[in-house]
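So the structure is just underneath, and the comments pick up after that.
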Amino acid sequence: MTSNDMEYLTIALPKGKLFAPAAKMLAEVGYTAEGLSEDSRKLVIANDELKVRFIIVKTADLPTYVEYGAADIGIIGKDVLLEEDKDVYELLDLKFGLCRMMLAVPEALAQDRLADYAHMRVATKYPKIAERFFRDAGIQVEIIKLNGSIELAPIVGLAEMIVDLVETGRTLKENKLIEVARIHPATARMVANRVSFKMKFDRINKLKEDLKRLVEGVAEK
Ligand code: PRP
């Protein structure tokens with residue numbers, strides 16, 4: 001680490017649904033920077049007064065930035081942590097962005113038992129989570145990795161099933177899919193690089209405690 005790296009705290013924020021609530025939460029505990037916006041073309045936005053630097057990264061890449069110490073801390077969904085399986089320190093459940101990972105199929109393909117889905121194709125943005133789920137259930141399936149709009153796959157016959165996130169259930173409903181198994185719930189988490197957590201302990205731990213109080217609804221003194 002350079003002295004500049006030691007002086008600044010680098011926070012990674014993910015593009016997408018979690019960006020706005022994550023930035024809002026950090027602002028509520030005093031971590032802001034002028035021009036911090038998801039649409040910013042600037043990828044590093046610093047607040048030199050607070051000695052904080054925000055980097056805006058693609059969601060699936062966030063754990064990699066934190067694992068390698070390119071960011072000291074980050075805010076990311078538990079789904080991404082489980083899928084990417086990087087060596088980062090999970091410090092706090094921030095309790096927002098609640099959704100669940102699940103298995104869904106078109107109504108017409110719904111089976112009585114999970115085992116009846118054996119040898120079918122499953123489309124997903126989360127191949128590791130899907131593989132673990134079916135392996136644990138002792139069911140062999142073919143996994144097809146996609147990068148988005150997963151619900152389209154069964155409609156056009158690319159796959160029979162999907163493993164994906166559900167938040168409100170609207171996307172499933174509009175595409176006539178039904179949930180047949182819940183895999184796990186997910187919320188946003190604060191994560192830290194293991195070395196940064198030791199080297200910048202006071203700062204990171206204070207931020208964690210401030211966020212914890214906010215999450216628990218305890219007023220700041
Ligand atoms: C996510 C997820 C579902 C949808 C669920 O997709 O993959 O498609 O949101 O939300 P709902 O239950 O409230 O309808 P996202 O919008 O992140 O885009 P993507 O399909 O490109 O991954």
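Numbering of ligands and ligand atoms starts at 1, following listing order. Numbering starts at 1 and runs along the sequence shown.
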Enumerated ligand 1 atoms positioned under 4.0 Å from heavy atoms of Lys125: 19 (P), 22 (O)

How far is atom 13 (O) of ligand 1 from its nearest protein heavy atom, and which residue and atom name does that atom have? Thr168 OG1, 2.5 Å

Who's the nearest protein heavy-atom neighbour of atom 4 (C) of ligand 1, and how far? Thr171 OG1, 3.7 Å

Check each atom of ligand 1 against the heavy atoms of Arg170 and keep those under 4.0 Å away; list them by number with element. 12 (O), 14 (O)

Atom 20 (O) of ligand 1: closest protein heavy atom, distance to 0.1 Å, is Ser149 N, 3.0 Å

Under a 4.0 Å N-O cut-off, is there an ion pair linking Arg113 with Asp116? yes

Among non-hydrogen protein atoms, atom 3 (C) of ligand 1 lies closest to Glu151 OE2, 3.2 Å

Evaluating non-hydrogen atoms only, which member of Glu167, Lys17, Arg100 is closest to atom 1 (C) of ligand 1? Lys17

Looking at Arg121 and Glu142, does any basic side-chain N land under 4.0 Å from a carboxylate oxygen? no

Tell me which one of Gly77, Gly169, Gly148 gets a heavy atom nearest to atom 12 (O) of ligand 1. Gly169

Salt bridge between Glu83 and Lys128, side-chain N to carboxylate O under 4.0 Å? no

Thinking salt bridges, do Lys24 and Glu28 make one under a 4.0 Å N-O criterion? yes

Between Asp72 and Lys200, is there a salt bridge with N-O shorter than 4.0 Å? yes

I'd like to know if the side chain of Asn205 and the backbone of Phe201 have a donor-acceptor N/O pair within less than 3.5 Å. no

I want to confirm something. Looking only at heavy atoms, which of Val166, Asp164, Asn147 is nearest to atom 7 (O) of ligand 1? Asp164

Identify which one of Val52, Leu9, Asp202 satisfies the side-chain contact (heavy atoms from CB on, under 4.5 Å) criterion when paired with Leu207. Leu9

Is any heavy atom of the protein nearer than 4.0 Å to atom 18 (O) of ligand 1? no

Atom 5 (C) of ligand 1: nearest protein contact (heavy atom, Å): Leu165 O, 3.5 Å

Please answer whether the main-chain N or O of Gln111 pairs with a side-chain N or O of Tyr117 as donor and acceptor at a distance below 3.5 Å. yes

